[in-house]
Q: 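One structure, pasted below without further comment.
All figures in this text were calculated on a predicted structure; none of them were measured in a lab.
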Amino acid sequence: MPQTNGSTPTLAVVVPCYNEEASLPETHRTLSGLLDRLTADGLIAGSSHILYVDDGSTDSTWKLIAGFAAGSGNAAGLRLAANTGHQHALMAGLEETAPFCDAAVTIDADLQDDPEAIRDMIMRYREGDDVVYGVRRHREDTPFKLLTAKGFYRLRDALGVKTVYNHADFRLLSSRAVGELLRYDEANLFIRGIVPMLGFSQSKVFYDRTPRRHGESKYPVGKMLNFAADGITSFSARPARMILGCGLIFTLIALAILTYVLIRYFSGHTIAGWTSIILSIWFCTGIILLALGVVGEYLAKVYMEVKRRPRWHIMERTGATGK
């Protein structure tokens, strides 16, 4: 519940990590220092902590996390047995720390999202907001990434997927909001689309995003495309309905062409050439394959959901989230 009565909340900062050995030392110094300052200012309780979630890293990420937990009273680690993906790592971290905090902030390990914005998030939480989004004032990306990002947001809006523009996964959630979010146990996770559905009191905090200083982005083009597809097909049936509409339109066009051909035939005019026939076959075949692909995407999602397999497996824990 939001702290509207002046009591001091326990804050958990959940940090998903995948091969982040280059950035983690600076990340831990920054976040630990921030928690110390927030505690000294009376904004959060001394039991506030950082939970690092190692999402099946193959470098020394877990070794670093274990060192943080051993040398600091405000750090803990959760090691997943295999790489499950950013969204599942976030949910695993929230599930792990939910019993021990009043509010949780999720932030990526590269700290491109400004940690100082957490102070404003805490203030909004103490004023009664259950969900506080970290929203970038502007994007410092390549022209290609800017164009594709804007196109993706517009496409989601057109398809009825409710999201917050220029918001990634940097947000604060009250314990009440975390509890409701954890009820979404679907395999095809798109948390950016789920959180706006929770309702409750929501607000935004704006910040400037900085360039990545260490390591490489964990979202290459292939992963971004998969993530975008999940974000659309997990929340909207409109693509399938659009295919139905296209099918009806092409059926009407085919009937019109048939009528034209019959009129030409009975009026004694021959139909010259085969190019139009070949083009029609290729065009219609392409539409059919496209339709099958979209329908197949939905069927694949149903297939993944109905198996009800565990979404992650925990290999190891270090440190203590509850004090």
Q: Measuring only between side-chain heavy atoms, which start at C-beta, is Leu94 closer than 4.5 Å to Leu181?
A: yes
Q: In chain order, what residues pass the ring-ring contact (aromatic ring centres under 6.0 Å, His included) check against Phe68, with sequence neighbours excluded?
A: His28, Tyr52
Q: Determine yes or no for a side-chain-to-main-chain donor-acceptor pair under 3.5 angstrom, with Thr97 supplying the side chain and Gly93 the backbone.
A: no
Q: Checking Thr10 against Ser48: is there a side-chain donor and acceptor pair closer than 3.5 Å?
A: no
Q: Can you tell which of Asp129, Asp102, Asp130 makes a side-chain hydrogen bond (donor to acceptor under 3.5 Å, both in side chains) with Ser174?
A: Asp130
Q: Under the 3.5 angstrom rule, does the side chain of His167 hit a backbone N or O of Gly134 as a donor-acceptor pair?
A: yes
Q: Can you name the one residue among Gln202, Lys204, Arg171 that meets side-chain hydrogen bond (donor to acceptor under 3.5 Å, both in side chains) with Tyr133?
A: Gln202
Q: Which residues pass the side-chain contact (heavy atoms from CB on, under 4.5 Å) test with Arg317, not counting sequence neighbours?
A: Leu78, Glu96, Ile314
Q: Checking Glu180 now: which residues fulfil salt bridge (charged side-chain N to carboxylate O under 4.0 Å, His left out) with it, not counting sequence neighbours?
A: Arg183
Q: With sequence neighbours excluded, tell me which residues meet salt bridge (charged side-chain N to carboxylate O under 4.0 Å, His left out) with Asp108.
A: none
Q: Are Tyr207 and Phe170 an aromatic pair by the rule of ring centers under 6.0 Å?
A: yes
Q: Can you sort out the partners of Arg79 under salt bridge (charged side-chain N to carboxylate O under 4.0 Å, His left out), two or more places apart, ordered by chain and number?
A: Glu316
Q: Applying salt bridge (Lys or Arg N to Asp or Glu O under 4.0 Å) as the test, list every pair that has at least one member in residues 30-48; sequence neighbours left out.
A: Arg37-Glu116, Asp41-Arg119
Q: Tell me, please, which residues at least two apart from Ala69 pass side-chain contact (heavy atoms from CB on, under 4.5 Å).
A: Thr318
Q: With sequence neighbours excluded, what pairs up with Pro99 under the side-chain contact (heavy atoms from CB on, under 4.5 Å) test?
A: none
Q: Please test Cys17 against Val53 for side-chain contact (heavy atoms from CB on, under 4.5 Å), starting from the C-alpha separation and ending with a verdict.
A: CA-CA 6 Å; Cys17 309; Val53 183; over 6 Å; no
Q: Return the set of residues passing side-chain contact (heavy atoms from CB on, under 4.5 Å) with Ala81 (not counting sequence neighbours), or none when no residue passes.
A: His313, Met315
Q: Partners of Thr61 by side-chain hydrogen bond (donor to acceptor under 3.5 Å, both in side chains), sequence neighbours excluded?
A: Asp59
Q: Please collect all salt bridge (Lys or Arg N to Asp or Glu O under 4.0 Å) contacts where either partner lies in residues 80-95, sequence neighbours excluded, each pair once.
A: none
Q: State the CD1-OG1 distance between Ile191 and Thr106, to the nearest 0.5 angstrom.
A: 7.5 Å
Q: What pairs with Thr84 under side-chain hydrogen bond (donor to acceptor under 3.5 Å, both in side chains), at least two apart in sequence or on another chain?
A: Asp55
Q: For the backbone of Ser57 and the side chain of Asp54, can you confirm whether one donor and one acceptor N or O come within less than 3.5 Å of each other?
A: yes
Q: Do Leu43 and Met123 have side chains that get closer than 4.5 Å, going by heavy atoms?
A: yes
